[in-house]
Every structure is written in structure tokens, then in C-alpha cells.
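Chain letters run A, B, ... following the sequence lines, proteins first, then strands; residues in each count from 1. Below, all heavy atoms of this structure are taken into account, side chains as well, without hydrogens, waters or symmetry copies.
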Number of protein chains: 2
Amino acid sequence: MVKKIPKPSLARLPKYYQVVTSYLNRKNEKYISSSYLSDCLNIDDSQIRRDLMYIEIGGIPRVGYDAKELRDVLADYLGYFNLNEAILVGVGNLGTALAEYKGFERYGLSIVGLFDSDPEKIGNLVGNLKVDNIENLEQVIKKFNIKIGIITTPARYAQQIAEKMIKANIKAIWNFAPVTLDIDEDIFIQDENLAENFSFISHYLKETEPEKE
Amino acid sequence: MVKKIPKPSLARLPKYYQVVTSYLNRKNEKYISSSYLSDCLNIDDSQIRRDLMYIEIGGIPRVGYDAKELRDVLADYLGYFNLNEAILVGVGNLGTALAEYKGFERYGLSIVGLFDSDPEKIGNLVGNLKVDNIENLEQVIKKFNIKIGIITTPARYAQQIAEKMIKANIKAIWNFAPVTLDIDEDIFIQDENLAENFSFISHYLKETEPEKE
DNA sequence: AACATTCTGTGAATTTAAACACAAAAGGGG
DNA sequence: CCCCTTTTGTGTTTAAATTCACAGAATGTT
Ligand SMILES: NC(=O)c1ccc[n+]([C@@H]2O[C@H](COP(=O)([O-])OP(=O)(O)OC[C@H]3O[C@@H](n4cnc5c(N)ncnc54)[C@H](O)[C@@H]3O)[C@@H](O)[C@H]2O)c1
Ligand SMILES: NC(=O)c1ccc[n+]([C@@H]2O[C@H](COP(=O)([O-])OP(=O)(O)OC[C@H]3O[C@@H](n4cnc5c(N)ncnc54)[C@H](O)[C@@H]3O)[C@@H](O)[C@H]2O)c1
């Protein structure tokens, strides 16, 4: 590998993917330019060209990047073409929303197992999956060699579930519970803290409209 | 204002809030140190001290920061003590999950109105709110002077709904639809692109387990 | 009371990311 | 075929963020 892609660059790639995908759907153009992407996303155009140099794609001066090729190279680089099978634990409101969401397909994510501890939920059909007993978690993960675990249980159970997942050889965890998981092993943790992200809004509003003190 | 807080620092503050809050719940200690926070969050301790200098809090050498004070200063700085009333448009799976979620309360977020265009949904009770007709959106926002709009409709309606919200004087939008909203006005947009964040996982798995080509 | 320890606060150095600026390529028009 | 425009690719500069390193404050210990 020549040079590792910087984290901020990696974070921008899915945005390019989104733009180029909708560009291909709406327009009938073969090429897309960095300045077009720049306008859509408010990102410096030289920044975009530099980002695209990390993935294996070349553009044509005066013309742009081949849009289809760009889309596919991005998808490949981001792993969307891989089959990413995941199991999900905690089939509550949020877990159900994720399980039934069709939009993950184009990112290669396929949720293939649902688990809960609530007897009322076990056996129910969600999406087209039957909710399984949490006790079968390790067994199923191992049997189907699942690499991705999604946690949508209340925060206080998240740590123990993460540990169970890891014992069963999960490689990455998508954690929606508002806790910082304490993990030693070399597991990839992606925390999705919605309430935390709301802070940007509340802080912004506080800044711009200071209440009288 | 002496110096504006850098974006990455602001993004870390909610994490400190989370840790200090659970620290206060679990332990009976008056003080918390930057090295403790550092251990919990894997963030350099001098980084943490620097971040905390942006908000108005002083620590005591050899002792640490007053934990209760730190929690409250963070909460205040992030606007959690303000009443942040929001309306939500698109009462589907995700919208329902957000509307029924109790955890937002401690961040000052209160969802006070739900809107949908589907006649089957209008009139339903979700959480303890009745789903209102999308046609009443502008009127309600204006009447109650709502500042925050949450979008959980399919992506293709997001732009028009954002425009309606802005016409009614919304100041910040929390957008869960996977599109980049095209907005001229000075409105704060917080995009929450879950599928995009999944990319970090799929890219990581691709990197670490390269399939034979 | 001297000393060791542990923490904060902060300049200074280092690293990383973003922006600038321009050469060179590609294509169109006259 | 020459000139003009647009766009890529990248060396260089600038800016931002992180880490280092240590002085100085508070406290306990012998
Ligand atoms: N709903 C939201 O909008 C939202 C927003 C931000 C964060 N979150 C977080 O996401 C998580 C889920 O939220 P929710 O609203 O879906 O909650 P929920 O109560 O609707 O669902 C939780 C589910 O987890 C199951 N569960 C509990 N303990 C379990 C265990 N040990 N093993 C297996 N399953 C178990 C419960 O039976 C339930 O079905 C929570 O951690 C919450 O803080 C949710
Ligand atoms: N569910 C998830 O886990 C998930 C994950 C990532 C992104 N998203 C995004 O969140 C959004 C909602 O997802 P969902 O799964 O809840 O979808 P959903 O289909 O369950 O809900 C969408 C709701 O929006 C309503 N709606 C449609 N057009 C409307 C309009 N013009 N005005 C008002 N209401 C309207 C529909 O009636 C429906 O109730 C989508 O943009 C989706 O891409 C969802």
C-alpha cells in the first residue's frame, strides 16, 4: 500500500458515492467533475481530487471522471460489493427500524439474524426474520461465521452483549447504545450516538440565540 | 468570546458528559481527573484538559475537576438545560423510534409535534402525540415558534420538507434522509446518515479480510 | 519541614489536514 | 494549427489539531 487514506478523506468518500449515484440516475452524462462534486457538497475541489487519488481512479483533464467508473470504484473501495452479513441484538423500536430498512442493501449490508431476551418478542416476525432467543447468539454467529454485530439494546446490556459477540468471533460492532464499550481485542467499533449528535444542534441554538441570563 | 472552540473539541464534549454522568451515578467521588477520562475514552489527557479550557471550568492540581460542576458546565455549554422543542416529519419506522425515545429528555430535546402525509397515519397516537397532517406543518411551527425540525421521510421528499420548515422559520434541521439538502439560508443542518456510517465498517472489513480476487 | 507524588494548565513542537496555485492535458472553435 | 477554456494532478503553503514536555499547584508522607 502506498499511503493510508486519512480518516477525513475516508469519511468523504460515501458522500461522493451518494452524489455520483444520484447524478447517474438523473442526468445522462458520462463524466462528472470535481467542481460539480464541490458545488453539491461544499467541499474544496482540490480536496476532492486529492481524496480520489487515494482510491484507484484517474480523471481526464478538461472532461472529468467517468461517472460509472467512479461510482463503482468508490463502492468497491468502501466494501459495498462485499456481502456484509450482520446480526442485530435488541429488537425494540430502533432495532426494528434498522431490521426493516431496505436502504442498507446497496451498501452490502444484510441483516440475517435478530435476537432479543424478551419472551414476548422471541418468535415474532420482523422484516422477514424470526426473532431468536439471545441465548442462541453465540451459536448462530459461529455457525454462519457472521462478522458484524449490531447492538440496539438499552445501554446497560450493551457491554455484556458486545462481549458475547466477541467471544463468538465477531469482527466489527455497530453500537447504537449510548455507552463507550470497553474492549481490549482488536475489534472495530462504530458508535452511533444519536443523542450525542443532537448536541451540535442544541449548542448551535444556544450560541445563536442566547437566552437572557 | 476569547477563542472559538474547534469542531473536534466540541465533538468530544458530549463524550465527557457521558463519562462524567455515569461516573457520578456509579462512584461516590467528588472529583474526576483528565487521566480517568483519558482511560475511558482513549483520548490524550492533555487534549482533554485543553478541551475543558474552552468551557468555563477550572480543575484543581493533584485532585482533578469537580465532577458535578463539570457535568453541569458541560450540560450548560452544550445547551442541554435549554428547552429544545422539535417537530418531526415522517412517522415511519425511524420516526416512531425517535418519537418514542425517552433518552432525549436529558439533552433538552422534546419532540412536540409529529407530521405525516399518509392518511392511514394521520390521527394515530405515537408516544403521546397525535400524528398531524403535513399540511398543517408551517402553521404549527409558526404558532409555537419551533426552532428544530426532524426529517425522517423517504429521501425524495426531504428537500421540499426542509424548504417548508425554513419558510416557517425553523433554525436547525436534523436530517435522517440520505440526501444533501440544498439550502441557501443560514440554517444549521445536522445530517445523520446511518448507511454512510456503515461504510466505515464495510471498508474496515474489506481491508482486514481481503477476499481472494 | 523537606520531599515525593499527582494532577492542572499551557507554551512549543510536531503532525495532519486543507487550501492555494499552477503546469500540463484535453478538447473545441476559428 | 493556434488559441482559449476547462479540468486534472500535485508540489508548496497555510492552517488546524494533537501531542509533548514541563512549570507550578495541592496534598500526603516520612
Ligand atoms: N429509539 C431511538 O430513537 C434511540 C435514539 C438514540 C439511542 N437509542 C438507543 O438505542 C437502544 C435501543 O433503543 P430503543 O428505543 O429501540 O429501545 P427499546 O426499549 O424499544 O428496545 C430495546 C430492546 O432490547 C431488548 N433487550 C433488552 N435487554 C436485552 C438483552 N440483554 N438481550 C437482548 N435483547 C435485550 C428489549 O427486549 C427490547 O426489545 C438504546 O440503547 C437507546 O438508548 C435509541
Ligand atoms: N429505518 C432505518 O433504519 C433507516 C436507516 C437509515 C436511513 N433511514 C432513512 O430515514 C428515512 C425514514 O426511514 P423509515 O425506515 O422510517 O421509512 P418509512 O417508510 O418507515 O417511513 C417514512 C414515513 O414518511 C412518511 N412520508 C412520506 N412522504 C411524506 C411527506 N411528503 N410528508 C410527510 N410524511 C411523509 C410516510 O408516510 C412514512 O410514514 C428514510 O429517508 C430512510 O432512508 C432509515
Under 3.5 Å: donor-acceptor pair, side chain of [X], backbone of [Y]:
X: B:D116; Y: B:D118; answer: yes
X: A:D45; Y: A:S38; answer: no
X: B:E192; Y: B:W174; answer: no
X: B:E69; Y: B:I57; answer: no
X: A:E100; Y: A:V126; answer: no
X: A:D191; Y: A:N193; answer: no
X: A:S9; Y: A:D51; answer: no

Quick check on contacts: within residues 28-44 of chain B, what sits under 4.0 Å from DNA chain C by heavy-atom distance? B:S33, B:S34

Tabulated below should be each protein N or O lying under 3.5 Å from an N or O of nucleotides 12-17 of chain C; please produce it.
from	atom 1	to	atom 2	distance (Å)
C:dA12	N6	B:R50	NH2	3.4

Separation of C:dA18 C1' from A:D51 CG (nearest whole Å): 10 Å

Just the rounded figure in Å: distance from C1' of C:dT10 to CG of B:D45. 13 Å

With a 4.5 Å heavy-atom cut-off, do B:R49 and B:M53 have their side chains touching? no

Between B:L10 and A:H203, is any pair of side-chain heavy atoms under 4.5 Å apart? yes

Grab the N/O contacts between the protein and nucleotides 25-29 of chain C below 3.5 Å, and write none if there aren't any.
from	atom 1	to	atom 2	distance (Å)
C:dA26	O4'	A:P61	O	3.3

Are A:D72 and A:K68 close enough for a salt bridge, meaning some N to O gap below 4.0 Å? no

The first and last nucleotides of DNA chain D lying within contact of chain A, meaning any atom under 4.0 Å from one of its heavy atoms, run from D:dT5 to D:dT12

B:Y107: which residues meet the ring-ring contact (aromatic ring centres under 6.0 Å, His included) condition with it, sequence neighbours left out? B:Y80

How about A:K15: does its NZ atom have over 12 heavy atoms from other parts shown lying under 6.0 Å from it? no

Is the CD atom of B:Q160 crowded by more than 12 outside heavy atoms at less than 6.0 Å? yes

Shortest non-hydrogen separation from A:R12 to A:I43 and the atoms involved: CD-CD1, 3.6 Å

What is the bend of the helix from C:dA1-D:dT30 to C:dG30-D:dC1 when you compare the axis at one end with the axis at the other, using five pairs each and rounding to 10°? 10°

Take the angle between the ring planes of A:F104 and A:Y101 and call it parallel below 30°, perpendicular above 60°, tilted in between. perpendicular

